[in-house]
Enquirer: 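Structure in structure tokens, see below.
When a ligand or atom number is given, it counts from 1 through the structure's own listing order. These numbers come from a predicted model, not from an experiment.
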Amino acid sequence: MRLRISLVVVSLLLSAAIGFALRRSESESSGGERKLRIGLSLDTLEVERWQHDRDLFTARARELGADVLAISASGDDERQVRDCQGLINDKVDVLVIVAHDGTAMAEAVRRAHEAAIPVIAYDRLILGCDLDLYVTCDNVRVGELQAGYIADRFKGKKARIVRIIGPKSDNNAALFKIGQDHVLQPLIDRGELTIVHEDYDDGWRADVAKRIVTAAITQAGRNIDAVLSPGDFTSGAVVQALSEEGLAGKVLVTGQDADLVACQRIVEGTQAMTIYKPLKLLAIRAADLAVKLGRRQPIVVRDSINNGKIDVPTVLLPVTVVDRESMDRTVIAEGFHTHAEIYGK
Ligand code: GAL
């Protein structure tokens, strides 16, 4: 999936440059330099991390002298394409998309390109289109670290686990699963671990995650060692389902995003770990690159990922495991949450 190449120089679309030049001369003729405008189309703001992403991205873009027009589609594909069309009509200089559905949003990329606007996929890849740039964290590594945490804790113990897989529409969910399988498959093959139940949580919905755990307990019994939950948003529902069975704190639960409530659950003991993604760095890199693309300046990145049509120039950021033991030197040391917020004192 990932192809390492030494240096990929993002070649700028000639048509994009011409379009920009036209819009620039329009605005200059009506009086001075026009402020750069970035369109930011978000899948949702319901999950805590996307609020952080939006705020950090907007703050950085402002520092660089750009305006951000941000809009959330509340998990609706048609609405997200419409949101992007609105931003295109508003003549943004560059479009940044957190796709709800990686396939559906290829249409938004096509429309943006028709209007000579370059597009950056933020965190989630957009598939089957001529995407200009992808800025994300190492999502395969996320899955490896989540599964690796379980593998370490149950070494030699024939663990029985339940797995919740994220939505089929989110390419990241497929990448988390690939990473998890790297670790789990050899253990399953050696009979050291069994997945007693697994299911997809379409839409990253808490109620679906809860239903999966309840179904797992009904089918496989209470003898469960861990729930491999893909994100903190689902982990909250997992812990709730477990606590209704008197199993919270007794079953290892994974997570991702270092949401504040998840960090609180970790120090309380009902969730074992989460993955800290450097959201500030991600937002800063994405905003810096959006400004460059918006100004039609060349950019240089080291990686690329194939999206089914092209090798998309990609920025990949590292991720870190956070558990009770490492909370202070990760999330708190980085200023993501304060000690008082997490420990309540
Ligand atoms: C994924 C993202 C995760 C998590 C999840 C639910 O695509 O990489 O960090 O936030 O969506 O929103």
Enquirer: Working to the nearest 0.5 Å, report the span between NE2 of H337 and CG of L260.
Expert: 5.0 Å
Enquirer: Is the side chain of D201 donor-acceptor paired with the backbone N or O of V208 at a distance under 3.5 Å, no angle test?
Expert: no
Enquirer: At less than 4.0 angstrom from any atom of ligand 1, which residues have a non-hydrogen atom? List them by chain and residue number.
Expert: V47, R49, W50, D123, R124, D170, N172, F176, W204, Q256, D257, K277
Enquirer: Heavy-atom count check: over 12 atoms from other residues, nucleotides or ligands less than 6.0 Å from R37 CZ?
Expert: yes
Enquirer: Let me know which of D77, T44, D76 forms a side-chain hydrogen bond (donor to acceptor under 3.5 Å, both in side chains) with H100.
Expert: D77
Enquirer: Is the count of non-hydrogen atoms from other residues, nucleotides or ligands lying under 6.0 Å from E245 atom CD greater than 12?
Expert: yes
Enquirer: Quick check: are there more than 12 heavy atoms from other residues, nucleotides or ligands sitting under 6.0 Å from NZ of K210?
Expert: yes
